[in-house]
Structure formats: structure tokens, C-alpha cells
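Below: one structure, written as C-alpha cells.
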Number of protein chains: 2
Amino acid sequence: MPATTTPIVSATNTNVASLADRRLLHETVIDQLRDLIVQGELAPETKLNERVLAEKLGTSRTPLREAIKFLASEGLVELLPNRGAAVAPLKPEKMKEVFVVLGALEALAGDLACRNASEADITEIRALHYHMLAHHARGELAQYFRYNQQIHIKFMECAGNETLAQIYRGLNAHVKRARYMANLSRERWDKAVKEHEDMLDALVKRDGVRLQTLLRDHLANKLVMVMEALAIPRVEAKQ
Amino acid sequence: MPATTTPIVSATNTNVASLADRRLLHETVIDQLRDLIVQGELAPETKLNERVLAEKLGTSRTPLREAIKFLASEGLVELLPNRGAAVAPLKPEKMKEVFVVLGALEALAGDLACRNASEADITEIRALHYHMLAHHARGELAQYFRYNQQIHIKFMECAGNETLAQIYRGLNAHVKRARYMANLSRERWDKAVKEHEDMLDALVKRDGVRLQTLLRDHLANKLVMVMEALAIPRVEAKQ
DNA sequence: CGCCCTTATTTTGCATACAAAAAGTGATTG
DNA sequence: CAATCACTTTTTGTATGCAAAATAAGGGCG
């Protein structure tokens with residue numbers, strides 16, 4: 001609405017998408033590209049053709065390349081000198097590594113959360129927990145994951161360490177890629193829920209040591225699930 | 001000083017630096033820029049003027065901007081929408097956060113190293129350790145830091161988790177920035193060396209639990225040193 | 001003298017242009 | 001028929017151009 005004297009759309013530039021958009025293009029592109037990768041629309045090891053992708057995202061190659069560099073630093077994209085870039089492969093070996101680190105980070109977060117979480121925080125986590133339980137009971141996997149994620153993120157928030165949270169988000173993006181292919185058995189699912197019960201209990205009692213242990217185990221179990229998911233599928237045998 | 005005379009050098013491109021250089025320009029730029037930031041040549045909160053920096057690094061704005069995006073993801077650079085980028089500020093608060101996370105990561109690495117390190121690895125660490133001792137004895141701070149760093153890096157290698165190592169390197173870059181201003185008191189220095197003695201001992205005995213504790217404490221002490229360094233200086237009060 | 005508004009200047013953000021590198025393509029030859 | 005080489009097309013890497021945003025510089029007015 002503002003400014004607007006600009007009557008005619010002038011010469012060269014001008015993109016249709018520029019409604020009230022205040023964000024920077026390359027930032028939008030980072031998010032779009034990350035989503036494409038995390039949600040598996042761009043499968044692991046897919047080469048990123050700059051011309052095609054730029055067209056698809058409605059931009060030019062320059063912001064796209066900037067976004068690629070950014071995501072390369074996050075590890076979602078691999079740079080191939082003189083050959084562009086590709087979606088980072090999703091290897092079981094890498095997943096193991098990520099989960100080991102995530103275990104340590106979540107344990108740390110749990111410990112910090114036990115010290116720093118306010119009563120309001122705990123109430124909020126409890127609420128998320130019950131939402132999660134409800135979706136578990138109804139067998140709604142996607143919704144379950146959503147609340148599950150939110151609980152873990154809330155833990156991170158309670159830890160009050162933005163550096164920790166940022167690294168967590170980065171690693172979690174890797175895990176999410178894998179999780180989209182996971183088909184949880186009822187048994188494992190029930191177990192994961194049980195673990196969350198214990199975790200909530202430990203938090204309420206502010207038992208940091210126990211929460212750490214629980215989180216590490218929880219992550220280890222998640223790893224098993226992801227590994228199973230990775231072992232089974234591969235609809236198309238890339239490589 | 002500026003290009004101007006550039007007599008022939010063919011049509012458009014062609015940089016003198018392209019000897020047998022096989023690396024990609026923007027990768028070189030990433031490393032150069034990171035060094036400038038880590039070593040404090042570009043002080044915290046310095047605005048990165050693209051034209052000036054590109055000239056200084058002997059390239060055009062495009063690869064520079066890509067490098068900036070990469071380093072922004074590492075957290076060394078802050079992106080200011082429509083206002084370019086600046087060297088990330090070096091706040092005590094941030095340092096605290098980084099050290100807490102580093103503590104957890106190094107503890108994890110120590111634990112893993114106790115399981116995975118080969119005898120050859122331990123021999124190598126011992127060698128580095130004695131080099132470090134020698135420089136400590138002679139009061140050679142810079143050299144001491146070098147070997148100190150190498151020991152920590154070697155720990156990471158022994159852990160055999162590349163994901164862990166990568167995150168460590170990223171966080172460590174932040175710490176290094178601060179350390180360049182640290183002026184170690186002899187007392188603290190001696191203490192740090194003593195801690196390294198203990199760490200080596202724990203590794204040799206493969207006592208992962210003790211090593212974890214030692215590393216966490218070691219990091220906590222390092223934080224104190226860095227905080228002191230940050231509290232004192234600021235030679236020039238920017239802004 | 002300070003403040004706000006207008007107008008230059010600089011700087012950023014994005015698009016495009018062009019050369020070098022890689023990937024195809026096809027014909028020739030052993 | 002596979003392999004190699006010359007040639008074409010595509011794709012990447014970097015530089016440059018141009019418009020919008022931000023910043024600096026005047027200039028009138030209280």
C-alpha cells in the first residue's frame with residue numbers, strides 16, 4: 001500500500017511476486033530450498049541445476065546460488081567444484097553421527113531446562129504432551145510428529161541457549177529428511193510415547209540427571225527407527 | 001593502488017592468482033574472509049562493504065557475497081537485510097553459550113575418543129602434549145596455543161564423528177576470535193597445563209567418564225579466561 | 001542553531017552477460 | 001563393437017549492469 005507513486009512498473013526488473021513482500025529474496029529462497037530438501041521433494045543426491053531451479057523458484061541464479069552456499073554450510077547441500085551442487089546424500093553412517101551429537105545436545109538442553117524452565121514453560125510442555133497423546137491414541141502420525149517436534153523445540157527454548165538451539169535446528173533438518181520415510185510400527189510408537197511420559201515426569205521433578213539419560217535413550221531409539229526406515233525403502237535405487 | 005593500470009591481462013576475466021590454483025574462487029574467499037574475521041583483522045561489528053572487500057580480496061562482488069552467505073550460516077557474519085552484512089558481534093553472553101555447548105561436545109568427543117583411539121593416536125596426542133609443555137615452559141604463548149588447538153582437534157578426530165568435528169570447528173572459530181585478545185596470566189596458564197596432564201592421563205587409562213568431567217571443567221576455565229579478556233580490552237570503542 | 005525535508009551519492013540486491021569447464025554427440029578407427 | 005577424438009551444447013563460475021534502498025549532503029524554516 002505505501003510508497004506506490006511508482007505508477008508504471010518500469011524497465012527491467014520487477015517481479016510479479018512483489019506484493020507487500022518485505023523479505024529479502026535470497027532468504028525466501030533459502031527457506032524454500034530447505035523445505036524442498038527436508039520434505040524430500042528434492043531427493044538426496046539430486047543435482048541442483050541452477051537454471052531449472054531458479055526458474056522453479058521464480059528468481060535468477062544469483063540469489064539461488066547464495067542460498068545454496070548457505071545451505072551447504074548447514075550441510076544439507078554438497079558443493080561439487082565446477083560441477084555445481086547436489087542435495088547431500090542421506091547415509092546411515094551420517095545418521096548415526098547426527099544422532100550421537102543430537103543425543104549430547106538434547107541431554108544438555110534437558111539438563112539446562114530442568115534448571116531454567118518456569119512453571120509456565122512446564123505447563124506449556126504438558127499441554128503439548130497431551131495433544132501429542134491424543135494424536136497418538138487416534139493414530140494420527142503426522143499430527144503426532146508435529147507436537148513431538150514442538151515439545152523438543154520447547155525443551156530447547158527452556159534451555160535458554162540460542163547457540164544450542166541453532167545447532168539443534170540444523171541437525172534436526174537432517175533427521176527430518178529421514179523421518180519423512182519412516183513408517184512407525186505401533187510397538188515402537190507406543191514405546192516412544194512412554195519415553196515422553198518419563199521425560200515429562202523428570203522435567204516436572206527437575207531431575208536433570210535422569211532427564212539427560214532419558215533423552216539420550218530416546219534419541220538412540222529414534223535412531224533405530226530411522227535406520228530401519230533407511231534400510232527398507234529406496235524406491236528408486238539412485239547411484 | 002586500485003587496479004587501473006591493469007595493462008593487458010586479456011579481455012574480461014583472468015586473475016593473476018590463477019597459477020596452478022585448482023580451487024574455486026568463492027571457496028578461497030570463504031577461507032580468506034573467515035581468517036580475517038577470526039584473527040580480528042575485521043573487528044566484530046565491522047560492516048562488510050562489498051565493493052571494498054571484493055577489491056581487497058581481488059575478486060568481484062558475486063563470489064564475495066556467496067562467501068558471506070556461507071559464513072553467515074556459520075554465525076561469523078550477520079546479515080542485515082538491505083544493509084549488507086557485518087562481522088558478528090562478540091558478546092560475553094554469546095561466549096557463555098558457545099562454551100556451554102563446546103563443553104558438551106568436547107565431553108562427548110572425549111568419551112568417544114576413549115573408546116575409539118588407537119595406540120598410535122594416543123602416542124600422537126602424547127607427542128603434541130610434550131610439544132605443548134615445552135612451549136609452556138618457554139613462555140611461548142602463540143606456539144602453546146597452536147599445539148593446544150591441535151590436541152583438541154586430535155581428540156575430535158579420534159572420536160571418529162565427522163559431524164561432531166564440523167560443528168566443533170564452527171564453534172571454535174568463535175572462540176578463537178576471543179582468544180586472540182586473551183592475555184593469559186601465568187597462574188591460569190599453569191592450571192590449564194595441569195588440566196591437560198590429567199586429560200592425557202584419563203585418555204591413556206581410557207577412563208571416558210573422568211575425561212568427560214575434566215573436559216567440561218577445562219572448558220569452563222577457558223570460558224573464565226575469555227570472559228576476563230573480553231571484560232578488559234576494547235582498545236578502540238567502536239561506535 | 002537545530003530540525004525536517006529534498007536531493008545527490010553510495011551501497012545493496014538482483015538480473016544478466018560472458019568465458020571456462022563439463023557433459024553430450026557422433027563419427028572414425030583399431 | 002568399444003574406444004578415442006573433435007566438435008557441439010549445456011552448465012557452472014565470475015564479472016558487470018541497473019534499479020531500489022539506504023545513507024550522506026544541503027537548504028530552507030522554525
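So that the names make sense, note that chain A is the first sequence line, chain B the second, and so on, each numbered from 1. Atom set for the values below is all heavy atoms of this structure, side chains included, hydrogens, waters and symmetry mates excluded.
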Separation of B/L215 CG from B/D111 CG (nearest 0.5 Å):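 Answer rounded to 0.5 Å: 10.0 Å.
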
Between atom CZ of B/R34 and atom CG of B/L42, what is the distance when rounded to the nearest 0.5 Å? 13.5 Å

Rounded distance in Å - [atom1] ([X]) to [atom2] ([N]):
| X | N | atom1 | atom2 | value |
| --- | --- | --- | --- | --- |
| A/L64 | D/dG13 | CG | C1' | 13 Å |
| B/R51 | D/dT23 | CZ | C1' | 14 Å |
| B/K69 | D/dG13 | NZ | P | 17 Å |
| A/L80 | D/dT11 | CG | P | 15 Å |
| A/E66 | D/dG13 | CD | P | 14 Å |
| A/I30 | C/dC14 | CD1 | P | 10 Å |

Please tell me which of the listed nucleotides, C/dT11, C/dC14, D/dT11, lies nearest to the side chain of A/N49?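 Ranking C/dT11, C/dC14, D/dT11 by closest atom to the A/N49 side chain puts D/dT11 first.
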
Consider the side chain of A/L25, meaning its heavy atoms from C-beta on, and name the nucleotide among C/dC14, D/dA15, C/dT12 that approaches it most closely.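 Within the option list, the nearest is C/dC14.
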
Is [X] near enough to [N] that one of its side-chain N or O atoms lies under 4.0 angstrom from OP1 or OP2?
| X | N | answer |
| --- | --- | --- |
| A/H26 | C/dG13 | no |
| A/S60 | C/dA15 | yes |
| A/N82 | D/dT12 | no |

Under 4.0 Å between a side-chain nitrogen and a carboxylate oxygen: does that hold for B/E157 and B/K154?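 Yes.
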
Less than 4.0 Å between a side-chain N and a carboxylate O, is that true for B/R188 and B/E228? yes

Can you work out whether A/R83 or A/E27 has the more 5'-proximal nearest nucleotide on DNA chain C? A/E27

Just call it for [X]: base, sugar-phosphate, or nothing, with non-hydrogen atoms closer than 4.0 Å on any strand.
| X | value |
| --- | --- |
| A/L79 | nothing |
| A/R61 | base |
| A/R65 | base |
| B/L48 | sugar-phosphate |

Take A/E50 and A/T62, find for each the nucleotide of DNA chain D with the closest heavy atom, and name the residue whose nucleotide sits nearer the 5' end. A/E50

5'-most contact on DNA chain D: B/P81 or A/A85, nearest heavy atom basis? A/A85

Would the distance check show the side chain of B/D121 and the main-chain N or O of B/S118 forming a donor-acceptor pair, the cut-off being under 3.5 Å?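 Answer holds: yes.
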
Donor-acceptor pair present, B/T59 side chain and D/dT14 base, under 3.5 Å: no

